[in-house]
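Report on the structure given below.
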Amino acid sequence: MNEYDLIAPFYDSEHMPFDEDVDFYRSFAELSTGPLLELACGSGRLLLPLAQDGYSLVGVDNSPQMLARAHKHLADAELETRCKLIEQDMINLQLGQKFRLAFVALGSFAHLTRRVDQKKALAAIRAQLSTGGTFLLDISNADARYMEDLTGQVLHQGTWEQEDGSMLTHFVSPASSTTVHQLDLTHFYEKHTQGGPVER
């Protein structure tokens with residue numbers, strides 16, 4: 001099972017409200033023709049606003065549960081015809097078409113921890129770009145260095161109210177490797193109701 005399949009039920013509460021980068025991608029989309037390609041598209045946080053703007057998109061992710069949530073969001077907004085969702089790993093892309101714009105948002109590329117996999121992914125993405133195409137890669141190096149100094153601590157990421165009235169809390173504990181340049185994050189999700197037991 002994909003690691004994101006496990007957290008898919010909790011992902012939207014934390015990430016769907018985040019829109020600080022939407023205008024950035026809109027600006028590049030305006031300069032592009034043809035469909036847009038998002039790798040590691042998740043539950044459709046960026047697919048939805050871009051589809052609402054009238055763009056056609058292809059969203060690729062290796063988590064079927066995240067893609068199912070993306071499909072539901074698009075269907076609820078009656079935008080499913082504007083977006084094709086494909087379950088693939090970005091390391092081995094085979095989409096059969098070229099794109100003028102491709103992007104990986106919100107640090108998702110950092111889930112590729114091996115240099116060989118990073119190189120394969122970049123080569124695979126390049127092969128999907130038409131001549132003169134643009135590739136946007138969002139990597140938060142500053143955030144990673146910040147967390148390296150917090151090894152072993154438990155950080156509160158936020159608490160959100162769910163549709164059923166329960167509360168969802170997200171904690172993360174970083175661990176910096178002493179042998180390789182890698183940061184491992186352990187995520188804890190706790191769900192509870194007022195006066196009820198806590199599910200982790």
Side-chain angles (χ1 to χ4, degrees), residues 1-25 38-49 59-73 87 89-91 103-119 121-122 136-200:
M1 176 180 282
N2 182 291
E3 61 193 26
Y4 267 86
D5 286 341
L6 297 173
I7 68 168
F10 318 121
Y11 187 85
D12 287 346
S13 295
E14 181 174 2
H15 293 93
M16 283 302 274
F18 180 79
D19 61 1
E20 294 178 16
D21 58 350
V22 173
D23 284 344
F24 171 78
Y25 293 102
E38 182 181 6
L39 292 312
C41 67
S43 62
R45 182 185 68 86
L46 288 173
L47 296 177
L48 190 60
V60 176
D61 204 284
N62 62 1
S63 166
Q65 293 299 321
M66 294 295 275
L67 288 173
R69 298 188 76 83
H71 182 269
K72 183 179 186 309
H73 291 314
E87 183 185 341
D89 195 304
M90 73 175 81
I91 295 174
F103 53 93
V104 182
L106 215 58
S108 297
F109 193 82
H111 291 289
L112 301 179
T113 57
R114 299 194 313 155
R115 186 63 59 88
V116 63
D117 290 338
Q118 294 167 0
K119 290 181 177 180
L122 291 173
L136 306 174
L137 180 60
D138 176 10
I139 291 289
S140 302
N141 287 326
D143 289 350
R145 287 192 294 268
Y146 159 75
M147 284 195 171
E148 285 175 357
D149 296 330
L150 298 174
T151 292
Q153 297 187 42
V154 177
L155 312 176
H156 177 235
Q157 299 296 97
T159 299
W160 305 271
E161 185 173 0
Q162 305 297 283
E163 291 181 0
D164 62 3
S166 64
M167 303 301 293
L168 177 71
T169 299
H170 179 200
F171 300 97
V172 64
S173 180
S176 181
S177 173
T178 58
T179 57
V180 295
H181 185 63
Q182 182 171 315
L183 186 68
D184 293 316
L185 304 177
T186 301
H187 296 267
F188 302 92
Y189 291 88
E190 294 185 348
K191 187 175 181 180
H192 60 92
T193 57
Q194 186 69 31
V198 174
E199 296 178 62
R200 172 175 287 185

On a heavy-atom basis, the closest approach of Ser43 and His73 is O-CD2, 3.0 Å
Student check: side-chain heavy atoms of [X] and [Y] closer than 4.5 Å:
X: Leu47; Y: Glu38; value: yes
X: Phe24; Y: Leu136; value: yes
X: Leu46; Y: Leu106; value: no
X: Phe109; Y: Leu122; value: yes
X: Pro174; Y: Leu155; value: yes

query: Do Ser166 and Asp164 have side-chain N/O donor and acceptor atoms under 3.5 Å apart?
result: yes
State whether the side chain of [X] and the backbone N or O of [Y] hold a donor-acceptor pair below 3.5 Å, judged by distance alone.
X: Asp5; Y: Gln65; value: yes
X: Ser173; Y: Gln153; value: yes
X: Arg200; Y: Phe188; value: no

OG of Ser63 to CG of Asp89, rounded to nearest 0.5 Å, is 11.5 Å
Rounded to the nearest 0.5 Å, the CG atom of Asp117 sits from the CZ atom of Arg115 at a distance of 11.5 Å
| Chi angles and distances behind the ring-ring contact (aromatic ring centres under 6.0 Å, His included) call for His111, Tyr4 | CA-CA 11 Å; His111 291 289; Tyr4 267 86; 5.3 Å; yes
By side-chain hydrogen bond (donor to acceptor under 3.5 Å, both in side chains), Thr159 pairs with (sequence neighbours left out) His156, Thr169
With sequence neighbours left out, the residues meeting side-chain hydrogen bond (donor to acceptor under 3.5 Å, both in side chains) with Gln157 are none
Q) Between Lys72 and Asp12, does at least one N-O distance fall below 4.0 Å, as a salt bridge requires? A) no
Hits for salt bridge (charged side-chain N to carboxylate O under 4.0 Å, His left out) against Asp19, two or more places apart or cross-chain, chain-then-number order -> none
Exercise. How far apart are the C-alpha atoms of Arg69 and Tyr11, what are their side-chain angles, what is the distance that settles it, and do they pass the side chain to side chain contact (heavy atoms under 4.5 Å, CB included) test?
Worked result: CA-CA 10 Å; Arg69 298 188 76 83; Tyr11 187 85; 5.7 Å; no
Using the rule given for side chain to side chain contact (heavy atoms under 4.5 Å, CB included), can you reason through Met90 versus Leu112, listing the C-alpha separation, both sets of side-chain angles and the distance that settles it, and then say yes or no?
CA-CA 10 Å; Met90 73 175 81; Leu112 301 179; 4.0 Å; yes
- Query: Do the rings of His170 and Trp160 sit parallel, tilted or perpendicular, given the 30° and 60° boundaries?
  - Reply: tilted
